[in-house]
Amino acid sequence: MFHQILLQIFQKLNNERTISAAYHILRGKRSGQTIQDIGLFQLHKYFGLLPKLPRKTFDEAVTSFLQYSWLTMQQSGHYSMKKLGLQRAAQTPDFLFDGWHYRGNEHVFFARFSLIVQSLSYQSAGVRSFSPISRDTNIQSWVRTFLIEHNYQDGHLQQRLLEECEQVLSVLPLSDANKQLVLYRLSGQSLPGWTWQQLAGERQETVLDCQLAFIELLHTLLNEVHETNDYPLLGKIAEGLRVKALVTDSAQQTAHLYEQGYSIEQIVQIRKLKQSTIEDHLVELAMNEPNFSIGPFVSYEEAEKVWQASKHYQTKKLKTLHEVVEGMSYFQLRLVLAKGEV
Amino acid sequence: MELEQTLVKYFGYTTFRPGQKEVIEAILEEKDVIALLPTGMGKSLCYQLSGYILQKPVLIVSPLLSLMQDQVEELKRFGEKRVVALNSFLTVSEKRYVLHFLEQYRFIFTSPEMLLQQQVQDKLSQMQLGLIVVDEAHCISQWGFDFRPDYLRIGQWFSQVNRPPVLALSATATNKVINDIRDTLSLHTPFEFLYNVDRPNIHLGRVIFEDRTDKTHWIMQHIKETAGPGILYLSSRKRAEQYSAALIQAGIRAAAYHAGYGAEDRQFIQQQFIDGELDWIVATNAFGMGINKSNIRQVIHETLPANVENYMQEIGRAGRDGQSALAILLYSDGDEELAKFVVTGDLPTAGHVDRYQELLNQHMHPSQMLKNGEVSETAFRVLDYWLQQETVEQVKVRLNHLVLEKYRAVDKMHKITQTKDCIRTQLVGYFGQKLLKKPENCCENCGIHYDEINKVRLKEEKKIEMMPWKSRLKQLLMGC
């Protein structure tokens, strides 16, 4: 699965970035460049899937891609996909990740959920004390409040949660094996969970692939819960975990000043940041805020020209566009590409 | 109320374990106490019960954050709500809250580093504590092994005049260590309770091999033929994973365990082992803390551990039910060299000292080397502590000395692997005690009939199969 995901990212990046760009996307790097790549190449689903991905693991995958002749790499770190690689990429399934909206928060959801399930399991068995699976005191107090608010002492919460889980899992368009995987990351009274190592052995795949299947299922589940009102309990457990503010905090601050009418130069002065950083923020806003207008920086005609050139030359490379569309700065080009075709 | 009644009321037990009552009585007489009790023998009950009787807050200084968390959880399990861990995990606002209401807690857990903070000391000095507990007190003297320089720094705090009684707890300590504990904590003619380190139901085997491949072969064969539950200890994470893979391949219900796995995975393994779904844990020395499984029948050491203290603690996990159990120490030529390599791997070197100075001269913060991954966290802590106290040359001498100390500890363990005398007598003697009576099948040198202790492994242990997700879900929530 990891290899398939990487192939898809490389394909979407269209040979216009270095291989490291894919690494930053998977780790969810909060830099202007990465955020911009996400929008330009439509890579939202992959953002921040593996925040702790070791560089070594990533490089090993790239090395095997080179060996399989799926791609070639230049000294600069730029790559280009070969025919075989493109074929392989075309054969990969469409994954249902939604990294952009969850950014690792799926693990918070699962920590809450598994502590709730564990508590209810011990309650069903009439055992009052156990070692909580989550040591995080925030999770523990969240779960305590949840259980009390839902009158767990009546003993009916188990049945209600069971029904919601059965329903949501039945609806999800994912394999039974992956649903089973997630159920085995839970534990209960006399029902220990299985380690990643054990699950990987059973499924005959790598630990990383198991973890990715797990994340995919959680993203799908969270979106299903989010989109309908059919799951009051799961909806509560998922509360506050879907990312609403899609821009970084720093970009948010810049946006605030910009809306008050300060110019870029003034914002640079006020925030004591580099001009290029402020420009990054504005590009980020152009990409994520539908109401943000690039009008003050670029005319409609100029934007049109950029899009025509981009189509004509089949590229989103700034350098190329800078050469062919005369008289426009890199910042202007980035704004146009970020805003998307009008 | 009688102590026994208090015990039933708060913990539901009807009798004390050896040592507990003596220790608690001494505390109630406001004596300082040094108590050496093995893990799993209810060390913490000594201060827990005292806390309920004293009706004043008990301060527990504990060096390991994970252990602290265990103890907090344990108290909460018994229904105690007035318990708090004052440690570096708290956010600034949480810490402010906890400090403000500190006197309202019954049990306050904290780390030596926290205790060094002025605001914490100020708050504590305004409070009336009932008891101060120093857990894992051997870290005071053995700091060379466990790297807790902060324990040295808090020594002064204990010399204040009006302090409450101090209870120093440890599972393992030699006479030398006990002296250090007494001095550093300024204990006044403490009551000492030293349990008998000998565990007569653990039979002490030892097997010597020509080379490592013979050893591997022996381990595989032995585990295939004899019954668990057991722990196989190895010196590295990699070897633990290799052995566990090989054993699983051979149809043994085994799993690897080391600190490189996530917290959930580690808990899953422990639970599986306790529930009898696993027969063998293949582990580094990270496995064992807080494990309560009474029927462990075998503990095998693939190579010698860092020191005799660790060895005793690790084999002590076998046979807690009082039934016969077997500890087998394996040795092949050169193992002591490997052990020496492992025990010093985490120490700062003279090179690190120079680098520290270099960064200081460049007006950079020395913690830079920690961020760059040039040095481990524990090593940096030691380095940082001593370089603030002493000159570069002194620190280098000290580090050298540390290495030698570690080597010496390995040498002592090595001696046990080579001795032709009674191994039990040697081990007990190491802790300054005398062996009163040799049990049947005492040790390799006195003679062991392995077949009298080991049970033959039954082949029909069933591997646990995965259930379909719906059944698993139902079983988790409804119990059926």
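Keep in mind that what you see is a predicted model, and the values were worked out from it rather than measured. Naming convention: chains lettered A, B, ... in sequence-line order (proteins, then strands); numbering from 1 in each chain.
Taking OG of A:S190 as the start and CG of B:L476 as the end, the distance is 11.5 Å to the nearest 0.5 Å. With rounding to the nearest 0.5 angstrom, the CG atom of B:L473 is 5.0 Å from the CG atom of A:L162. Interatomic distance, B:Q271 CD to A:F130 CZ, rounded to the nearest 0.5 Å: 11.0 Å. Of the inter-residue distances, the one linking B:E264 atom CD with A:H107 atom NE2 reads 10.0 Å to the nearest 0.5 angstrom.
The side-chain heavy atoms of B:M466 and A:L199, taken from C-beta on, include a pair separated by under 4.5 Å. B:L278 places a side-chain heavy atom less than 4.5 Å from the side chain of A:Q198. Between A:S124 and B:M478, the closest side-chain pair of non-hydrogen atoms is not below 4.5 Å.
For the residue pair A:P192 and B:F268, the shortest heavy atom distance occurs at CB-O, 4.0 Å. Across all non-hydrogen atoms, the minimal contact from A:R185 to B:D265 is NH1-OD1, 2.6 Å. Among all heavy-atom pairs drawn from B:D275 and A:L191, the shortest one is OD2-N, 4.2 Å.
Residue pairs meeting the side-chain hydrogen bond (donor to acceptor under 3.5 Å, both in side chains) criterion with at least one partner in residues 466-480 of chain B, sequence neighbours excluded, are A:D176-B:W469. Every pair tested for side-chain hydrogen bond (donor to acceptor under 3.5 Å, both in side chains) that includes a residue from residues 144-157 of chain A fails, sequence neighbours excluded, so the list is empty. Each side-chain hydrogen bond (donor to acceptor under 3.5 Å, both in side chains) pair with one or both residues in residues 205-222 of chain A, not counting sequence neighbours, appears once here: A:E106-A:H219, A:R203-A:E205.
Interface residue A:S131: backbone and side-chain heavy atoms are both found under 4.5 Å from chain B. Heavy atoms of B:Q272 lying under 4.5 Å from chain A belong to its backbone as well as its side chain. Both the backbone and the side chain of A:E166 come within less than 4.5 Å of a heavy atom in chain B. Of the two parts of B:A255, only the side chain, counted from C-beta on, holds a non-hydrogen atom closer than 4.5 Å to a non-hydrogen atom of chain A. In this structure, no portion of A:Q189 lies under 4.5 Å from any heavy atom of chain B. Within the 4.5 angstrom heavy-atom criterion, only side-chain atoms of A:Q118, from C-beta onward, approach chain B. For a residue to count as touching a neighbouring chain, one of its non-hydrogen atoms must lie under 4.5 Å from one of that chain's; by this rule A:I116 does not touch chain B. Looking at A:S170, both its backbone and its side chain come within 4.5 Å of chain B, counting heavy atoms on both sides. Of the two parts of B:L90, neither the backbone nor the side chain holds a non-hydrogen atom closer than 4.5 Å to a non-hydrogen atom of chain A. Heavy-atom distances place the side chain of A:N138, and not its backbone, under 4.5 Å from chain B. The contact between B:Q267 and chain A is made entirely by side chain atoms (from C-beta outward), counting heavy-atom distances below 4.5 Å.
Crowding of A:E227 atom CD: a count of heavy atoms from other residues, nucleotides or ligands under 6.0 Å exceeding 12.
Ranked by heavy-atom pairs shorter than 4.5 Å toward chain B, the options A:Y184, A:W194, A:Y122 are led by A:Y184. If you tally non-hydrogen atom pairs under 4.5 Å between each of A:G188, A:P132, A:G201 and chain B, the highest count goes to A:P132. Counting heavy-atom pairs under 4.5 Å between each of A:S114, A:A111, A:S121 and chain B puts A:S121 at the top.
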(request) Could you check A:Q197 against B:E241 for side-chain hydrogen bond (donor to acceptor under 3.5 Å, both in side chains), going step by step and ending with a plain yes or no? (result) CA-CA 10 Å; A:Q197 210 83 36; B:E241 286 184 13; 5.2 Å; no
(request) Under the side chain to side chain contact (heavy atoms under 4.5 Å, CB included) rule, what do A:Q180 and B:M467 come out as? Steps first, then yes or no, please. (result) CA-CA 8 Å; A:Q180 188 188 40; B:M467 288 183 272; 5.7 Å; no
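Within residues 56-64 of chain A, no residue approaches chain B closer than 4.5 Å by heavy atoms.
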